[in-house]
Amino acid sequence: MKVGDLVELSSYAKSVRYNRSLVGKLGVITEKANPSSIHDLYFVHWLGGSKGFMNRNELKFAKRKE
């Protein structure tokens with residue numbers, strides 16, 4: 001994943017209680033935090049005004065829905 005990618009929550013992240021407000025929303029990756037770290041952290045801006053850091057395993061690429 002890189003800056004500018006559209007993302008949504010993975011199935012793992014949907015099961016976590018504190019992510020319930022983000023289910024079904026799209027987000028844009030705006031920053032990769034600490035790129036030399038073992039764990040990839042991304043700063044994501046979500047539609048609706050939410051923002052925050054997410055692990056790579058909590059995100060998936062957004063798919064086009066028709």
Side-chain angles (χ1 to χ4, degrees):
M1 292 192 164
K2 58 187 178 197
V3 174
D5 285 343
L6 289 175
V7 294
E8 58 186 348
L9 291 179
S10 67
S11 59
Y12 164 74
K14 288 178 184 176
S15 66
V16 178
R17 176 176 273 172
Y18 66 84
N19 289 333
R20 300 222 187 228
S21 65
L22 301 175
V23 173
K25 292 188 179 180
L26 290 176
V28 177
I29 295 177
T30 56
E31 180 182 349
K32 184 173 182 182
N34 197 8
S36 64
S37 174
I38 295 172
H39 303 287
D40 291 331
L41 287 175
Y42 298 95
F43 193 73
V44 181
H45 283 258
W46 297 95
L47 291 177
S50 300
K51 54 189 169 190
F53 286 101
M54 305 291 282
N55 275 331
R56 172 60 182 99
N57 64 346
E58 296 175 329
L59 299 172
K60 68 178 183 178
F61 290 104
K63 294 183 180 177
R64 184 177 180 181
K65 297 177 183 168
E66 297 182 27

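In what follows, residues are counted from 1 in the order of the sequence shown.
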With sequence neighbours left out, the residues meeting side-chain contact (heavy atoms from CB on, under 4.5 Å) with Lys32 are Pro35, Asp40, Tyr42
Leu41 meets the side-chain contact (heavy atoms from CB on, under 4.5 Å) criterion, sequence neighbours left out, with Ala33, Asn55
Hydrophobic cluster of Leu26, others only, ordered by chain and residue number, side-chain cut-off 4.5 Å: Leu47
Could you list who else is in Leu6's hydrophobic cluster, with ILVMFWY side chains joined at under 4.5 Å, directly or through other members? Val28
Donor-acceptor pairs under 3.5 angstrom involving side-chain atoms of residues 16-24: please list them, not counting sequence neighbours.
from: Tyr18; atom 1: OH; to: Glu58; atom 2: OE2; distance (Å): 3.3
from: Asn19; atom 1: ND2; to: Ala13; atom 2: O; distance (Å): 3.1

Set of salt bridge (Lys or Arg N to Asp or Glu O under 4.0 Å) partners for Lys51, sequence neighbours left out: none
Only counting residues at least two apart or in another chain, list the ones meeting salt bridge (Lys or Arg N to Asp or Glu O under 4.0 Å) with Asp5. none
Atom NZ of Lys60 and atom CD of Glu8: how far apart are they, to the nearest 0.5 Å? 4.5 Å
Using the ring pair (Phe, Tyr, Trp, His ring centres under 6.0 Å) criterion, which residues pair with Phe43? Sequence neighbours excluded. His45, Phe53
Could you tell me which non-hydrogen atom of Val7 sits nearest to which non-hydrogen atom of Trp46, and how far apart they are? O-CZ3, 3.9 Å
